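Heads up, the thing below is written out as structure tokens.
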Amino acid sequence: MIDLRLVREDTDLVRASQAARGEDPSTVDTLVTAADRRRESVGRADSLRAEQKVLGKRVSTAGPEERLALLVQARDLAVAVKAAQAEESAADVALQEAHLAVPNVVEHDVPAGGEDDYVVLKEVGDKPTFEGFTPRDHVEIGQLLGAIDTDRGSKVSGARFYFLTGQGALLQLALLNMAVAQAVETGFTPVITPSLVRPEVMGGTGYLGAHAAEIYRLEIDDLYLVGTSEVPLAGMHMAEIIDLSAGPRRYAGWSSCYRREAGSYGKDTQGIIRVHQFDKVEMFSYCDPAEARDEHKRLLAWEEQMLAKVELPYRVIDTAAGDLGSSAARKYDCEAWIPTQGRYRELTSTSNCTTFQARRLNIRFRDADGRPQFAATLNGTLATTRWLVAILENHQQPDGSVLVPVALRPFLGGREVLQPL
RNA sequence: GGAGGCUUCGCCUAGUCCGGUCUAUGGCGCCGCACUGCUAAUGCGGUUGGGGUUCGCGCCCCUCCCGGGUUCAAAUCCCGGAGCCUCCGCCA
């Protein structure tokens, strides 16, 4: 939910944001109209109610003869109040609807356009050359190592499911543990989150809008499976006034993540690039909105720190407005080089949601004057199952073995190489 | 699956039987002032949140889990719902 004051005072800015996203700017005008209508109906209902209260007081103190006449008057007024109230709540509903239809206002310097209009901010590291052999893809390496079993994954659960076995399971645990270790060193509170959340939490984070088809829903229990621990971590402080006087509150969530991958038929059907269930360590930060842009840069830096530890070549992109989620004002992705695909694939994603989620979830903090204000929320990836793809492919050797990045070795019991079975 | 209880202004709490000075009590916390040569103790005062209106002081409305209803008038009465807790049963 965006700030209505901003909509009223700088309508053009919000319209421009919609245009940058490639969405209809007229939703903004609808919102302005709805806000005006609500304001007017509130005013009318308020003054009628004030009148009613005064009259009600007179009824309670009046003598018997006077009382009867006053009651007649009061009855008429009650009808008028009821009508005004009905209009008020109708206007409220309309405003709410118009409000929810407008995604977050993008930062002013976000590149406009769609999926392909990102801006590359930097490229880091050297792509591997593979002298004298043709690199295997992660599916083949996973088989050689006995690390990934997609056949049995689909036997048991269907397409886009997999087993991580032996070295694969250990490698993932090592990676995620390294992510948690880094987060804790940095001052994050590690959290193992619920994977099922209530509708208001899923809705509050902005995931039930245009991309609701991505979400698994358990209808019998009216719960949703989370696609990222961002969701429970955002819900954690809903309807609270949190203390940010000591700076941002940072959590590192560990969870399995579930995604329906609706509409992605035919994309990445092999291996574990795009799957229905994976594991992730995610950073989440609550902070003063004034600090959100800086915090966003910090989250990006911590992501890059992780990528450096696993010694992967990657680039950082500034995602275009049209490719942002509805909650995000800006998003940076880190994409690792995948040798057998000859292209970069997203490994991390960090979004600044400013106060958009906090407004929906009613998460506030007290500012320097002690006034409650909406907090900003941000999130960013530290590690996911998909990272295994990049690690296996980039660090593979001619004999099918895989070199373990130095920083990761302590988390694998000191192991330096993953050997084919 | 069954039974019972609870939900009030950051937290705790009075009030609900019997509708109107509930314009919601008190404590904790927090803020300000006073006093004391310190951080303490004490006293006094302030402190729910949201919205409307106003240059501003202010004024008004809403807010006692949510939604309906009764009534001139609802924290209070009636109906429906949600959440939380406890116990029993069952299963791990």
Side-chain angles (χ1 to χ4, degrees), chain A residues 1-9 31-100 194-205 208 217-224 231-232 234-246 249 286 288-289 355-375:
Chain A
M1 229 181 281
I2 64 173
D3 188 356
L4 277 184
R5 201 171 324 156
L6 179 72
V7 176
R8 218 179 293 131
E9 288 169 5
L31 179 56
V32 170
T33 308
D36 287 346
R37 176 184 162 201
R38 193 197 81 104
R39 193 157 31 148
E40 282 162 24
S41 58
V42 164
R44 265 193 299 275
D46 271 8
S47 56
L48 279 171
R49 264 192 297 261
E51 215 178 309
Q52 186 184 39
K53 286 179 87 165
V54 173
L55 195 57
K57 207 138 284 176
R58 281 173 63 197
V59 170
S60 68
T61 56
E65 337 67 53
E66 201 187 350
R67 197 185 171 83
L68 212 64
L70 284 175
L71 275 183
V72 173
Q73 212 180 326
R75 219 158 287 167
D76 289 343
L77 192 51
V79 171
V81 167
K82 199 153 253 178
Q85 241 155 13
E87 158 58 18
E88 183 184 354
S89 59
D92 243 340
V93 170
L95 173 61
Q96 187 75 3
E97 199 181 317
H99 207 167
L100 290 175
S195 295
L196 291 165
V197 298
R198 300 178 191 284
E200 63 263 36
V201 175
M202 189 57 84
T205 50
L208 290 184
R217 176 169 177 225
L218 279 74
E219 199 170 357
I220 297 173
D221 299 292
D222 202 15
L223 290 169
Y224 291 92
V231 175
M236 200 159 121
H237 289 303
M238 95 178 147
E240 291 183 27
I241 296 177
I242 56 175
D243 185 5
L244 294 180
S245 57
R249 258 167 108 128
Y286 294 91
D288 186 327
T355 59
F356 187 86
Q357 292 177 329
R359 283 172 199 279
R360 293 178 167 213
L361 293 167
N362 193 23
I363 301 163
R364 295 170 295 172
F365 72 106
R366 290 194 188 277
D367 65 17
D369 301 324
R371 307 288 305 171
Q373 305 285 354
F374 289 112

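Because the structure is a prediction, the values reported are computed rather than measured. To find a chain, count down the sequence lines: A is the first, B the second, and so on, and within it residues start at 1.
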Report the residue from A:Pro289, A:Pro372, A:Ser245 that forms a side-chain contact (heavy atoms from CB on, under 4.5 Å) with A:Phe365. A:Pro289
Tabulated below should be each protein N or O lying under 3.5 Å from an N or O of nucleotides 70-73 of chain B; please produce it.
unit_1: B:C72; atom_1: OP1; unit_2: A:Arg75; atom_2: NE; d: 3.1
unit_1: B:C72; atom_1: OP1; unit_2: A:Arg75; atom_2: NH2; d: 3.1

Strand partner of B:C17, provided both Watson-Crick or wobble distances fall under 3.5 Å: none
Considering Watson-Crick and G-U wobble pairs with both distances under 3.5 Å, what does B:U70 pair with? none
For B:G29, which nucleotide is its Watson-Crick or G-U wobble mate, given both distances must be under 3.5 Å? B:U47
Footprint string (nucleotides 59-65 of chain B, 5' to 3'): B base within contact, S backbone only, - free, heavy atoms under 4.0 Å: -SSS---
Can you tell me the pairing partner of B:C6 across any strand shown, Watson-Crick or G-U wobble, with both distances under 3.5 angstrom? B:G83
Nearest-Å distance once atom P is located in both B:U76 and B:G15: 16 Å
P spacing across the pair B:C87 / B:G69, given as an integer number of angstrom: 39 Å
Measuring from atom CG of A:Asp76 to atom CG of A:Leu55, what distance do you get when rounded to the nearest 0.5 angstrom? 10.0 Å
Rounded to the nearest 0.5 Å, how far does CZ of A:Phe356 lie from CG of A:Asp3? 12.0 Å
Residues of residues 236-244 of chain A with a heavy atom under 4.0 Å from any atom of RNA chain B, listed by number, are none
Could you please name the partner base of B:C59, counting Watson-Crick and G-U wobble pairs only when both distances are under 3.5 Å? B:G52
Are there any protein N/O atoms within less than 3.5 Å of an N/O atom in nucleotides 81-85 of chain B, and if so, which ones and at what distance?
unit_1: B:G83; atom_1: O3'; unit_2: A:Arg198; atom_2: NH2; d: 2.7
unit_1: B:C84; atom_1: OP1; unit_2: A:Arg198; atom_2: NH2; d: 2.5

Report yes if the side chains of A:Gln96 and A:Met1 come closer than 4.5 Å at any heavy-atom pair, otherwise no. yes
Looking only at atom P, what distance separates B:A73 and B:C61, rounded to whole Å? 16 Å
In whole angstroms, how far is the P atom of B:G52 from the CD atom of A:Glu40? 13 Å
Would you check, one step at a time, whether the test side-chain contact (heavy atoms from CB on, under 4.5 Å) holds for A:Asn362 with A:Met238? CA-CA 6 Å; A:Asn362 193 23; A:Met238 95 178 147; over 6 Å; no
A:Val197 versus A:Leu223: any side-chain heavy-atom pair under 4.5 Å? no
Is the number of heavy atoms from other residues, nucleotides or ligands within 6.0 Å of CD (A:Glu200) greater than 12? yes
Can you tell me how far apart CZ (A:Arg360) and OG1 (A:Thr205) are? Round to the nearest 0.5 Å. 8.0 Å
With P as the reference atom in both, quote the distance from B:U13 to B:G68 in angstrom, rounded to an integer. 28 Å
Can you give the donor-acceptor pairs under 3.5 Å from side chains of residues 31-38 of chain A to other protein atoms, not counting sequence neighbours?
unit_1: A:Thr33; atom_1: OG1; unit_2: A:Asp29; atom_2: O; d: 2.8
unit_1: A:Asp36; atom_1: OD1; unit_2: A:Arg39; atom_2: NH2; d: 3.3
unit_1: A:Arg37; atom_1: NE; unit_2: A:Glu87; atom_2: OE2; d: 3.1
unit_1: A:Arg37; atom_1: NH2; unit_2: A:Glu87; atom_2: OE1; d: 3.2

Inter-nucleotide C1' distance (B:U7, B:U63), Å rounded: 15 Å
Please give the distance between the C1' atoms of B:C33 and B:C84 as a whole number of Å. 42 Å
Who is the Watson-Crick or G-U wobble partner of B:G37, with both distances under 3.5 Å? none
Once you round it to whole Å, what is the distance between C1' of B:G49 and CZ of A:Arg371? 9 Å
Please test A:Arg198 against A:Asp222 for side-chain contact (heavy atoms from CB on, under 4.5 Å), starting from the C-alpha separation and ending with a verdict. CA-CA 7 Å; A:Arg198 300 178 191 284; A:Asp222 202 15; over 6 Å; no
Determine, for A:Glu88 against A:Arg49, whether the closest basic-nitrogen to carboxylate-oxygen distance falls under 4.0 angstrom. yes
Assess the side chains of A:Glu240 and A:His237: does a donor N or O sit below 3.5 Å from an acceptor N or O? yes
Backbone of A:Gln373 reached by a side-chain donor or acceptor of A:Arg364 within 3.5 Å: no
When rounded to the nearest 0.5 angstrom, what is the spacing between CG in A:Leu196 and CZ in A:Arg217? 12.5 Å
Given the C1' atoms of B:U47 and B:G26, what is the spacing between them in whole Å? 15 Å
Gap separating the CD1 atom of A:Ile363 from the CZ atom of A:Arg249, nearest 0.5 angstrom: 11.0 Å
Mind running side-chain contact (heavy atoms from CB on, under 4.5 Å) on A:Leu48 and A:Gln85 for me, showing each step along the way? CA-CA 9 Å; A:Leu48 279 171; A:Gln85 241 155 13; over 6 Å; no
Any strand counts, and the cut-off is 3.5 Å on both contacts for Watson-Crick or G-U wobble. Which nucleotide pairs with B:C64? none
A:Arg364 CZ to B:G50 C1', in whole Å, measures 8 Å
Side chain proximity check, A:Tyr224 to A:Val231, heavy atoms < 4.5 angstrom: no
Taking only the C1' atom of each, what is the distance from B:C85 to B:U23 in whole angstrom? 34 Å
Could you go through nucleotides 53-57 of chain B and list every protein N or O atom that sits under 3.5 Å from one of its N or O atoms, giving the distance for each pair?
unit_1: B:U53; atom_1: OP1; unit_2: A:Arg39; atom_2: NH1; d: 3.3

Rounded to the nearest 0.5 Å, how far apart are OH of A:Tyr286 and CE of A:Met236? 6.0 Å
Interatomic distance where CG belongs to A:Leu4 and P belongs to B:G52 [whole Å]: 9 Å
Considering Watson-Crick and G-U wobble pairs with both distances under 3.5 Å, what does B:G1 pair with? B:C88
